[in-house]
Amino acid sequence: MNDVLVDGTVLAGFEPVRAAFAANFAKGLEVGAAFAAYRDNELIVDLWAGHADRNRQRPWARDTIVPVMSVTKPIAALVAARLVDRGCLDYERPISSVWPEFAVHGKDRVTLGEALSHQAGVPGFVEPIDPQVWLDSQGLAAALAGLAPLWTPGAASGYHPISYGALVGEPARRADPNGRSLGRQLAEDICVPAQIDFHIGLDDSHHERVAEMQRPQAMADLGGVTPIKHAAFLARWSSPGRASPAWRRAELPAANGHGSARAVAALYGMFAHEGELFGRPLINRDVFQAATRLRRAGPDLVLPFDLAWAAGVLRNSLGIYGPNPRSFGHSGWGGSMALADPDRHLSAAYVMNRQSNVLMGDPRPCALISALYECL
């Protein structure tokens with residue numbers, strides 16, 4: 001694919017971003033992909049190209065959506081921040097205050113802030129479970145609540161790839177005055193009013209727009225295997241199937257948000273504008289500061305990196321979310337990535353359907369982010 005047609009627009013002066021995007025296709029690195037960026041609430045880059053299916057019969061369109069995997073996590077964290085802002089949740093209170101069943105095996109003191117910064121100690125199941133439990137929000141919450149932590153909660157971070165979804169989703173549902181799920185809160189309070197095409201729990205009417213994912217050819221390098229890593233990532237029951245209609249419909253606020261690059265960049269814009277979405281204040285600045293302050297830094301027990309966690313979003317300690325150390329971001333399985341730079345009021349997102357085995361810092365979005373900053 002040396003002559004791929006790149007659709008979309010870039011603001012004058014950002015043509016090198018289009019060139020970098022086309023170069024990823026010319027190098028044979030993509031099947032289909034999209035990249036978008038906002039600066040000061042202006043859409044400065046909006047690009048897409050390639051195909052939405054592995055057989056390369058269906059062109060990637062402006063309205064193609066794709067599962068963004070763990071790039072979902074900070075978006076779910078924004079819903080939690082809204083509940084903190086409304087006084088329904090508190091980062092420093094135990095999540096068992098709204099979810100009493102969680103207060104067993106020493107988890108009674110796990111705060112919301114600790115849970116969202118991957119310190120709760122329940123990244124997965126040591127004993128076998130039916131993987132379909134992951135698709136049942138209530139069943140998953142019950143199973144997770146009964147677990148004994150794999151380390152002392154609050155003593156370290158260990159990435160919770162899928163169980164994070166229950167740690168944010170169950171408190172969010174119980175704390176909402178109307179008992180709405182996290183996905184419904186996101187849709188009704190944020191995405192629908194702002195006309196943002198992002199979904200946690202995808203209605204069947206949207207399934208035909210979803211890009212078909214091509215899985216990586218090799219496993220990611222997690223470093224030395226430990227029982228914690230096995231429970232989180234490697235056990236055959238550590239995740240559900242990721243391509244079925246049931247998976248799309250389910251609400252997994254850790255990993256199955258579906259949207260376009262444009263939608264993801266818009267939502268990450270809240271991290272670039274201290275809780276505002278297109279000029280509309282959605283999170284009080286004091287709450288935003290509490291949501292984004294550093295909560296745990298150092299070696300992670302699951303991912304082979306030293307990470308700096310806020311409440312559901314990474315601070316840019318690895319330098320992969322642009323050159324600003326004050327930026328926020330997150331990566332998703334296979335290469336998706338999003339960032340927010342609060343100093344430049346900049347947000348950007350990359351999505352694709354040809355997954356790599358790079359855990360964090362996939363070279364495809366890194367090249368785009370580098371080109372973007374060179375144009376600023």
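Each residue takes its place number in the sequence, starting with 1.
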Listed once per pair and sorted, the salt bridge (charged side-chain N to carboxylate O under 4.0 Å, His left out) pairs that draw on residues 297-317, sequence neighbours left out: none
Could you give the distance from CG (Leu267) to CG (Leu186), rounded to the nearest 0.5 Å? 6.5 Å
If you group Ile, Leu, Val, Met, Phe, Trp and Tyr by side-chain heavy-atom gaps below 4.5 Å, do Leu222 and Leu150 land in one group? yes
A side-chain contact here means heavy atoms from C-beta on lying under 4.5 Å apart; do Trp60 and Val66 qualify? yes
Check: Tyr164 ring centre within less than 6.0 Å of Tyr159 ring centre: no
Centroid separation His118 to Trp309 less than 6.0 Å: yes
Same hydrophobic cluster for Leu301 and Val225, using side-chain heavy-atom links shorter than 4.5 Å among ILVMFWY? yes
Given 3.5 Å as the limit, does a donor-acceptor pair link the side chain of Asn316 with the main chain of Gly322, or not? yes
Any sub-3.5 Å donor-acceptor pair from Ser347's side-chain atoms to Ala272's backbone N or O? no
I want to know whether His345 and His273 have ring centres closer than 6.0 Å. yes
With a 4.0 Å cut-off on N to O distance, would you call Arg184 and Asp189 a salt bridge? no
For Leu294, the other hydrophobic cluster members (4.5 Å side-chain criterion, sorted by chain and number) are none
Any pair with a residue in residues 252-272 that passes salt bridge (charged side-chain N to carboxylate O under 4.0 Å, His left out), sequence neighbours left out, goes on the list, sorted by first then second residue, please. Asp46-Arg262
Applying salt bridge (charged side-chain N to carboxylate O under 4.0 Å, His left out), which residue pairs with at least one partner in residues 354-364 are found, sequence neighbours left out? Glu30-Arg364, Asp362-Arg364
Partners meeting salt bridge (charged side-chain N to carboxylate O under 4.0 Å, His left out) with Arg215 (sequence neighbours left out): none
Salt bridge (charged side-chain N to carboxylate O under 4.0 Å, His left out): which pairs involve residues 90-109, sequence neighbours left out? Glu92-Arg293, Glu92-Arg295, Glu101-Arg174
Between the side chain of Thr72 and the main-chain N/O of Gly257, is any donor-acceptor distance below 3.5 Å? yes
What distance do Trp333 atom CH2 and Ile162 atom CD1 have between them, rounded to the nearest 0.5 Å? 9.5 Å
If we check ring pair (Phe, Tyr, Trp, His ring centres under 6.0 Å) with Tyr38, which of these qualifies: Phe14, Tyr268, Phe271, Phe278? Phe278
Under a 3.5 Å cutoff, is there a donor and acceptor pairing between the side chains of Lys73 and Ser70? yes
N/O donor-acceptor pair under 3.5 Å between Asp341 side chain and Arg344 backbone: yes
Do Leu11 and Leu346 belong together in a cluster built from hydrophobic side chains that touch within less than 4.5 Å? yes
Regarding Asp343 and Asn324, is there a side-chain donor-to-acceptor distance under 3.5 Å anywhere? yes
Contacts of type ring pair (Phe, Tyr, Trp, His ring centres under 6.0 Å), residue Trp237, not counting sequence neighbours: none
Using the side-chain hydrogen bond (donor to acceptor under 3.5 Å, both in side chains) criterion, which residues pair with Asp203? Sequence neighbours excluded. Ser205
Asn353 side chain vs Gly32 backbone, donor-acceptor pair below 3.5 Å: yes
Expected output: side-chain Asn256 to main-chain Trp247 donor-acceptor under 3.5 Å: yes
Mind checking what makes side-chain contact (heavy atoms from CB on, under 4.5 Å) contact with Ser137, not counting sequence neighbours? Glu251
Qualifying residues under ring pair (Phe, Tyr, Trp, His ring centres under 6.0 Å), relative to Tyr373, sequence neighbours excluded: none
Heavy-atom check, side chain of Pro16 versus side chain of Cys375, under 4.5 Å: yes
Once rounded to the nearest 0.5 Å, what's the spacing between atom CD of Gln289 and atom CG of Asn284? 10.0 Å
Under the side-chain hydrogen bond (donor to acceptor under 3.5 Å, both in side chains) test, residues paired with Ser117 that sit two or more places apart: Gln119
Donor-acceptor pair, Arg56 side chain versus Val31 backbone, under 3.5 Å? no
Sidechain-backbone polar pair: Ser238 side chain, Ala235 backbone, donor-acceptor under 3.5 Å: yes
Measuring from Ile129:CD1 to Leu140:CG, what's the distance to the nearest 0.5 Å? 7.5 Å
With sequence neighbours left out, what residues match Ala49 under side-chain contact (heavy atoms from CB on, under 4.5 Å)? Val4, Val6, Phe21, Phe25
Carboxylate-amine/guanidinium proximity below 4.0 Å for Glu170 and Arg173: yes
CZ (Arg180) and CD (Glu188) are apart, to the nearest 0.5 Å, by 5.0 Å
Could you tell me whether the side chain of His105 reaches within less than 4.5 Å of the side chain of Leu147, counting heavy atoms only? no
Supply the atom-to-atom distance Ile283 CD1 to Arg86 CZ, rounded to the nearest 0.5 angstrom. 11.5 Å
